[in-house]
J.: 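Structure below; questions to follow.
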Amino acid sequence: MAFDTIIAGGTVVTASDAYVADVAVSGSKVVAIGKDLPRENAGRVFDASDKYVLPGGIDVHTHLDMPFGGTTSADDFETGTRAAAFGGTTTIIDFAIQYKGQTLRAALDSWMEKAASRAVSDYAFHCIITDLKDAHLDEMKALVREGVTTFKLFMAYPGVFMLDDASIFRALRQTAAHGGMVCMHAENGGAIDVIVRQALAEGKTAPKYHALTRPTTAEAEATARAIALAEMAGAPVYIVHLSCNDALEKVREARDRGLPVYAETCPQYLYLSLDNFDAPGFEGAKYVFTPPLREKWHQEKLWTGLKQDQLQVVSTDHCPFCFKEQKEMGRDDFTKIPNGGPGIEHRMSLIYSGGVAQKRFSVSRFVEIVSTTPAKLFGLYPRKGTVAVGSDADLVIFDPNREHTISAKTHHMRVDYSMFEGIRVKGMPEIVFSRGRVLVEKDKFMGRPGGGEYLKRSSATGLP
Ligand SMILES: [Zn+2]
């Protein structure tokens with residue numbers, strides 16, 4: 001038997017095992033895994049000894065080419081998926097935003113258009129609902145059947161994205177009846193708005209006040225409310241970008257009661273803190289995103305949450321805005337700083353480095369957090385999220401010993417600063433495959449715009 005590609009002698013890592021084997025690829029799929037597969041007729045053989053062979057990373061929370069506050073996030077589907085590939089992420093789930101008065105279908109169509117000719121690797125969409133009438137409830141049902149199985153709702157940003165509790169409850173009931181899952185931005189937007197207006201009235205306009213006006217209690221309250229509404233509806237719920245211990249305790253409590261409650265955190269909450277706002281001048285604007293950075297002690301609580309499966313996923317909430325001209329829109333008023341930070345490229349290395357290299361959890365748990373559970377929760381498993389015969393050959397040859405200092409000077413994201421500037425990571429992707437094609441080989445990009453495919457998803461498969 002001849003194979004297109006053999007990845008030879010690496011340590012294959014899945015969420016449950018790590019073992020030395022050859023992995024053979026033909027076309028877009030993994031077709032064999034075993035000891036000493038025949039190499040004679042293989043198109044290419046990659047030596048992976050002393051390296052890991054991982055399933056491609058799945059980042060379920062990105063905002064490419066997204067309009068926000070009078071500007072647009074700096075990476076489009078080409079530059080964003082390309083930067084993701086350099087970091088070992090081969091699948092993203094982005095968000096199609098329904099604006100008020102629009103159908104969900106129109107939202108999806110416009111984001112499909114943004115992605116189709118640009119994405120270098122595979123992609124799917126959640127649908128953000130900002131306006132929920134009866135007709136939209138019917139549309140939710142139709143979209144689930146067509147492979148858009150998750151809906152993001154906001155408990156923050158009143159007047160822009162926020163839905164009231166009744167609408168949220170109706171959406172949750174719809175997913176309970178017809179499948180799919182709600183992803184929740186959990187912050188009490190009403191209370192936060194009162195605090196923000198007071199701060200501005202007192203002349204507190206610097207970037208740090210973005211963080212200081214969004215207390216952890218506001219996130220914990222909304223998290224608890226989201227869980228209660230989901231419990232009443234009999235629906236699962238997924239809390240996005242959980243940032244603090246207060247909210248984590250609500251998730252832990254719900255999971256201890258056996259409720260289908262899931263949550264993700266992001267590298268910025270594991271590596272950065274309120275201390276970053278000590279940066280000189282207006283530089284704190286680089287760290288303005290929502291929920292905001294917290295006191296440093298929350299970081300270790302979140303790492304422990306990942307280890308103990310109170311948190312199931314790490315995504316990036318990648319939403320880059322350049323410091324020059326974009327972040328600067330808020331020089332005199334922190335509420336005018338576009339909310340978001342760049343992270344799509346460094347998720348795998350940051351979580352490997354802090355999680356596995358620093359001995360907080362195993363390499364299998366790492367794979368589970370960055371690839372397998374995202375695939376399972378979001379209806380892509382087992383096509384994505386594991387190394388198995390029949391799965392897509394989205395594979396990463398990962399060097400656990402290669403060290404790298406993160407910097408805007410060398411990153412591939414189209415943004416003029418790095419949130420993680422100067423942080424040294426251990427563990428870097430070396431060769432990255434998407435459906436059998438080499439996307440990145442030793443720091444060289446080999447893919448092409450439009451090479452990515454849209455992924456229709458099923459309702460959550462095998463919820464962990
Ligand atoms: Zn987001």
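Start at 1 and go down the list; that is how both ligands and their atoms are numbered.
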J.: Measure from NZ or CZ of R214 to the centre of the six-membered ring of Y157 and say whether it is under 6.0 Å with the direction within 45° of the ring axis.
T.: yes
J.: Enumerate the residue pairs fulfilling ring pair (Phe, Tyr, Trp, His ring centres under 6.0 Å) with a member in residues 239-258, sequence neighbours excluded, ordered by first and then second residue.
T.: H61-H241, H185-H241
J.: Could you point out which residue of T373, T372, I58 forms a side-chain contact (heavy atoms from CB on, under 4.5 Å) with Y381?
T.: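 Single side-chain contact (heavy atoms from CB on, under 4.5 Å) partner of Y381 among T373, T372, I58: T372.
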J.: Residues in side chain to side chain contact (heavy atoms under 4.5 Å, CB included) with S362, at least two apart?
T.: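 With neighbours one apart ignored, the set is S364, R365.
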J.: Would you mind listing every ring pair (Phe, Tyr, Trp, His ring centres under 6.0 Å) that reaches into residues 316-349, with sequence neighbours excluded?
T.: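 Only F282-F323 qualify under ring pair (Phe, Tyr, Trp, His ring centres under 6.0 Å).
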J.: So, at under 2.8 Å, which protein N, O or S atoms would a careful student list around the Zn ion (ligand 1)?
T.: H61 NE2, H63 NE2, D317 OD1
J.: State whether the side chain of S459 and the backbone N or O of G180 hold a donor-acceptor pair below 3.5 Å, judged by distance alone.
T.: yes
